[in-house]
2 protein chains.
Amino acid sequence: MLRLSKLTDYATVILSFMARDNTHVHAAMEIAAITGIALPTVSKILKVLVNAKVLISTRGAKGGYALARAPEKITVAEVISALEGPIALTECSISLQGCEQAAGCEIRGNWSLINQTIHNALESVTLADMIRPVRSQAPAWEKEILIPVASLYR
Amino acid sequence: MLRLSKLTDYATVILSFMARDNTHVHAAMEIAAITGIALPTVSKILKVLVNAKVLISTRGAKGGYALARAPEKITVAEVISALEGPIALTECSISLQGCEQAAGCEIRGNWSLINQTIHNALESVTLADMIRPVRSQAPAWEKEILIPVASLYR
DNA sequence: ATTAAATAGTACTAGAATAGTCCTCAATTA
DNA sequence: TAATTGAGGACTATTCTAGTACTATTTAAT
């Protein structure tokens, strides 16, 4: 599996709840209760999302968390990079200093193309799309994302 | 990072070497020597790729491994699933029995759409594409898609 | 036939990464 | 000033990955 960490998965669950009820701030405890995710874990995720400027927080009594922007303006790519760092499939696509297998590895450039394609895909899906019922959304991005990478070469 | 395991990374290195020299079988030891990956590790990967029908093996003296098909017929998606299992970002996209967060989770269908998109991208890149030099292809795609590379390192 | 060269299969170990928890400090409101 | 809520960091246990080792099986050459 092309693994996404559990925390990232939780994050999307949390965020989609918040997107659906975006009228007031939500305390960590409330979110934990509703999503069924343990409080300390919810708390940890929320903090990360605040640092990534996906959420804004209010301290003190009656405080809580709210989306920093409208759901349409928050992309899945953003959420993923907040929790997992840069979106890339291989180490060498991130650190440009090259891998040890340099001898047998002339495919770095090609990986980065693939990475960009995937990133592009994730960037065009927003929180708003995520909370939309499945049926009605296909058209919106099918036009935009289906990039046949191979065709770029031929 | 949207992690791909090291083994998968190695696999692409190994396969791209084999695609470049596709005239005869290669023994595991030869591949290890050339790629610089430890023999037991190479061996392990080759076995997996044989099971996935990406490679074919010949036992005995003068035996070795060869691509099961032409490089154009072997996709990156295949290689990745061979080593990591089904290509999907989240658990619940694979096992349809649903997750425990069922209450707060109505986004499964949307994940699967994203997964599908990514899968398509990976499916359209073949081994033949991977061994093509990077330079010659840059112009082609630069015209066709606009990708905010900087966002990768946000 | 016998020996050497190779893959097949499986089990095991060490290390790293992840998930999850807990505790103390800071801020806000009533 | 007391109660409520987030911020930040440290810590632990568990899971996963990478890598290794060993034994069995198959084939080719002599």
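It should be emphasised that the depicted structure is a prediction, and the values quoted were computed from it without experimental measurement. Both backbone and side-chain heavy atoms feed into the values below; hydrogens, waters and symmetry mates do not. Numbered from 1 within each chain, the chains take letters A, B, ... in sequence-line order.
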**Euclidean distance, atom CG of residue B/D9 to atom C1' of D/dA18 [Å, nearest integer]** = 13 Å
**Asked** With a non-hydrogen cut-off below 4.0 angstrom, is A/L39 in contact with a base, only sugar-phosphate, or nothing?
**Response** nothing
**Asked** How close or far is atom C1' of D/dA7 from atom CG of A/L55, stated in whole angstroms?
**Response** 14 Å
**Request:** Report the hydrophobic cluster partners of B/L39, with the cluster defined as I, L, V, M, F, W, Y residues connected by side-chain heavy atoms closer than 4.5 angstrom, directly or transitively.
**Result:** B/M29
**Message:** In whole Å, I'd like the distance from the CG atom of A/L7 to the P atom of D/dT15.
**Reply:** 15 Å
**Message:** Tell me which pairs pass ring pair (Phe, Tyr, Trp, His ring centres under 6.0 Å) where either residue lies in residues 26-48 of chain B, with sequence neighbours left out.
**Reply:** B/F17-B/H26, B/H24-B/H26
**Prompt:** Would you say B/S5 reaches D/dC16's phosphate, i.e. side-chain N/O to OP1/OP2 under 4.0 Å?
**Reply:** no
**Message:** Can you list, by chain and residue number, the hydrophobic cluster partners of A/I56 when the side-chain cut-off is 4.5 Å?
**Reply:** none
**Prompt:** In whole Å, what is the span from the CD1 atom of B/I37 to the P atom of D/dA18?
**Reply:** 12 Å
**Request:** Provide the full list of ring pair (Phe, Tyr, Trp, His ring centres under 6.0 Å) pairs with a residue in residues 44-65 of chain B, sequence neighbours left out, each pair given once.
**Result:** none
**Item:** Partner residues of A/R69 under the side-chain hydrogen bond (donor to acceptor under 3.5 Å, both in side chains) criterion, sequence neighbours left out
**Value:** A/E78
**Request:** Indicate for each nucleotide in nucleotides 3-15 of chain C, in 5' to 3' sequence, whether protein heavy atoms under 4.0 Å reach the base (B), only the sugar-phosphate (S), or nothing (-).
**Result:** --BSSBB------
**Message:** Rounding to an integer number of Å, can you tell me how far B/L83 CG sits from D/dC16 P?
**Reply:** 17 Å
**Prompt:** Is there a side-chain polar atom (N or O) of B/Y10 under 4.0 Å from OP1 or OP2 of D/dA18?
**Reply:** no
**Asked** D/dT14 P sits how many Å from A/K6 NZ, rounded?
**Response** 13 Å
